[in-house]
Chemist: 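Below are the C-alpha cells for one structure; questions will follow.
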Amino acid sequence: MRRHESVTMKKAVADTDDELSAEYRFDYSIASPNRFAEHMSADAVAVVLDPDVAAVFRSSEAVNQLLRSVISALPETTLAPEPRKKRAS
C-alpha cells in the first residue's frame, strides 16, 4: 500500500434492540435527593442554556441581571401580561 492511499474501515453494526421495555423498576431506596432543590425557590423556573450561551455567564445572577435589563428596555406592549391570581371561592 502506498503512503497516500487511505483505508476505509466500516464499523460493525451492533445488533441492538432499540425498543423500550414495558416496565422499568427503580430502587428508590438507593436514590439520592436532588442536590439542587434547596437552591430553588418555589416559583423558580429552570432553563437550560446552550453551551455557547452558558460559557458567557458565570452565575444565574448574571443571567438574571442581563435579562432584567433587556426586559426594562422592551416596550410595554411586547411584555407578557401578569398572570391572573386565583380568587378564593
Side-chain angles (χ1 to χ4, degrees):
M1 184 182 326
R2 292 186 187 145
R3 262 180 123 179
H4 301 292
E5 288 182 46
S6 64
V7 177
T8 305
M9 296 179 70
K10 292 184 180 181
K11 291 184 179 180
V13 178
D15 188 23
T16 60
D17 187 11
D18 288 342
E19 295 294 318
L20 293 175
S21 176
E23 180 180 345
Y24 292 91
R25 297 190 183 261
F26 185 75
D27 186 359
Y28 289 97
S29 67
I30 61 170
S32 300
N34 182 348
R35 62 185 174 161
F36 302 107
E38 66 186 40
H39 300 291
M40 304 261 313
S41 66
D43 57 344
V45 176
V47 177
V48 178
L49 301 176
D50 289 337
D52 61 324
V53 175
V56 174
F57 298 99
R58 300 282 184 223
S59 66
S60 60
E61 290 82 16
V63 174
N64 287 326
Q65 182 181 8
L66 177 70
L67 290 175
R68 286 186 184 105
S69 68
V70 170
I71 291 168
S72 68
L74 291 174
E76 289 289 324
T77 56
T78 61
L79 296 176
E82 290 285 327
R84 290 184 174 175
K85 293 186 179 185
K86 295 181 181 179
R87 288 191 270 173
S89 299

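For reference, positions follow the sequence shown, starting with 1.
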Chemist: In this structure, would Val53 and Leu67 fall into the same cluster of hydrophobic residues linked by side-chain contacts under 4.5 Å?
Modeler: yes
Chemist: Do Val63 and Leu49 come within less than 4.5 Å of each other through their side chains, counting heavy atoms only?
Modeler: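 Yes, close enough: below the 4.5 Å cut-off.
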Chemist: Measure across Arg35 and Glu38 and return the closest heavy-atom pair with its distance rounded to 0.1 Å.
Modeler: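 So the two residues come closest at O-CG, 4.4 Å.
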Chemist: Taking atom OH as the centre, does Tyr24 end up with more than 12 heavy-atom neighbours from other residues, nucleotides or ligands that are less than 6.0 angstrom away?
Modeler: yes
Chemist: Could you tell me which non-hydrogen atom of Ser72 sits nearest to which non-hydrogen atom of Ser69, and how far apart they are?
Modeler: OG-O, 2.8 Å
Chemist: What about Leu66 and Ile71, same hydrophobic cluster or not, with Ile/Leu/Val/Met/Phe/Trp/Tyr joined at side-chain heavy-atom distances under 4.5 Å?
Modeler: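 No.
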